[in-house]
There are 2 protein chains.
Amino acid sequence: MQNPAPENLDLILAALGDPARRRAVEFLKDGPRRAGEIAEAAGMSGPAMSRHLRVLRKTRLITEERVEEDARIKLYRLERAPFEALSGWLEEVSAFWGDSLQALKAHAESVVREEKGAGKSPPVRAARRSGP
Amino acid sequence: MQNPAPENLDLILAALGDPARRRAVEFLKDGPRRAGEIAEAAGMSGPAMSRHLRVLRKTRLITEERVEEDARIKLYRLERAPFEALSGWLEEVSAFWGDSLQALKAHAESVVREEKGAGKSPPVRAARRSGP
DNA sequence: TTATTATTTAACGCATACGTTAAATAATAT
DNA sequence: ATATTATTTAACGTATGCGTTAAATAATAA
């Protein structure tokens with residue numbers, strides 16, 4: 001029970017799908033920054049970025065922390081976990097190719113289909129053509 | 001000049017950010033499928049999925065091909081390149097952590113800031129506190 | 001040609017997302 | 001208490017995205 005729930009992937013991907021948020025993330029690559037700096041770096045108003053940050057926060061792509069020495073300041077930093085989750089999903093999808101496994105797998109299935117006629121999710125079923 | 005243009009990343013991420021499209025992608029993991037099957041698997045009408053497929057096609061996450069034996073049928077299949085582009089970007093962002101490079105980098109910068117007062121993009125600038 | 005099957009466009013309604021400016025909070029400093 | 005700086009929330013207009021049904025294409029079969 002350490003998995004961040006699968007639905008998060010949609011949120012993570014959607015969060016990163018916005019250009020402004022992606023700019024923010026790339027900006028934070030160089031270290032924790034304040035909201036105002038992020039907004040400026042992304043070329044938009046504070047309020048606009050504030051809402052983007054909220055979206056990123058909700059997915060835990062970023063976290064906030066107050067600076068001890070000056071509690072007025074909040075710093076945002078990238079968080080590792082969501083990126084790893086995404087990375088894991090990508091690998092899972094890409095395992096598809098791995099070692100030319102694609103054709104192999106596809107062919108194997110088509111063979112199975114040919115033999116079984118129609119499985120539970122008939123991948124081609126080729127609109128039964130008139131015959132051989 | 002083999003790079004798929006950086007802006008594509010936004011498109012790719014946005015494309016994968018939609019649940020229906022992600023379901024489609026995961027469904028295609030098992031091999032090429034027809035549009036109708038994909039729509040059914042995702043639990044939505046053909047037209048709805050058709051537009052999702054167009055989005056995925058635009059990012060080249062999927063490609064279409066006609067079946068020789070029955071040209072009425074078009075099969076969609078996952079394409080490798082965009083996933084690799086995304087994977088590359090992820091690695092680039094994640095290089096940030098790599099080997100506890102984060103704290104190191106962040107600290108180094110804060111030191112530089114202390115010494116220089118204000119660089120070109122002052123990461124903290126700590127709202128100059130009253131002073132030591 | 002006419003009919004059949006698969007897929008895409010078109011048109012509609014609805015909801016959500018985005019950015020802006022103005023007002024509200026939060027934390028300190030004087 | 002009042003002022004200052006940083007950030008968030010509220011309110012507003014506009015635009016884009018999504019799903020549905022109905023109509024249009026595409027490719028073939030009879």
Looking only at heavy atoms, which two atoms of B:K29 and A:V93 are closest? And how far apart?
CD-CA, 3.7 Å
Does C:dT8 have OP1 or OP2 sitting under 4.0 Å from an N or O in the side chain of B:Y76?
yes
Can you see if the side chain of A:S45 gets near the phosphate of C:dG19 - specifically, an N or O under 4.0 Å from OP1 or OP2?
no
Nearest whole Å is fine: how far is D:dT20 C1' from B:E40 CD?
18 Å
Whole-Å gap separating C1' (D:dT21) and CE (B:M49)
17 Å
Return the value, rounded to whole Å, for the distance between atom CG of A:L56 and atom P of C:dC18.
10 Å
Expressed as a whole number of angstroms, how long is the span from A:R22:CZ to C:dC18:P?
15 Å
Restricting to pairs with a member in residues 56-86 of chain A, which pass ring pair (Phe, Tyr, Trp, His ring centres under 6.0 Å), not counting sequence neighbours?
A:F83-B:W97
Could you tell me the separation between the NZ atom of A:K74 and the P atom of C:dT28, rounded to a whole number of Å?
13 Å
When the distance from CZ of B:R34 to C1' of C:dT5 is rounded to whole Å, what number comes out?
9 Å
Pair A:L75-A:R34, side chain to side chain contact (heavy atoms under 4.5 Å, CB included): steps then yes or no:
CA-CA 5 Å; A:L75 290 184; A:R34 295 195 332 242; 3.6 Å; yes
Under 4.0 Å protein heavy-atom contacts per nucleotide of nucleotides 9-17 of chain D, with B for base, S for backbone only and - for none
B-B------
Could you pull out all residues at least two apart from A:S50 that satisfy side chain to side chain contact (heavy atoms under 4.5 Å, CB included)?
none
Donor-acceptor contacts, no H, no angles, side chain residues 52-60 of chain A, under 3.5 Å, sequence neighbours left out:
from, atom 1, to, atom 2, distance (Å)
A:H52, ND1, A:R21, NH1, 3.1
A:T59, OG1, A:L56, O, 2.8
A:T59, OG1, A:L61, N, 3.2

Rounded to whole Å, how long is the line connecting atom CD of B:E65 with atom P of C:dT7?
13 Å
Rounded interatomic separation in angstrom, taking CD1 from B:I62 and C1' from C:dT7
13 Å
With sequence neighbours left out, the residues meeting side chain to side chain contact (heavy atoms under 4.5 Å, CB included) with B:A42 are B:R23, B:M44, B:M49
Taking only residues two or more places apart in sequence, or in another chain, which ones meet A:E26 in a side chain to side chain contact (heavy atoms under 4.5 Å, CB included)?
A:R22, B:W89
If the condition is side chain to side chain contact (heavy atoms under 4.5 Å, CB included), which residues does A:S45 pass it with, not counting sequence neighbours?
A:P47, A:A48
Out of D:dG19, D:dT8, C:dG19, whichever nucleotide has its closest atom nearest the side chain of B:A20
D:dG19
With salt bridge (Lys or Arg N to Asp or Glu O under 4.0 Å) as the rule and sequence neighbours excluded, what pairs involving residues 42-51 of chain A come up?
none
Let me test you: for the helix from C:dT1-D:dA30 to C:dT30-D:dA1, what is the angle between the axes at its two ends (five pairs each), rounded to 10 degrees?
0°
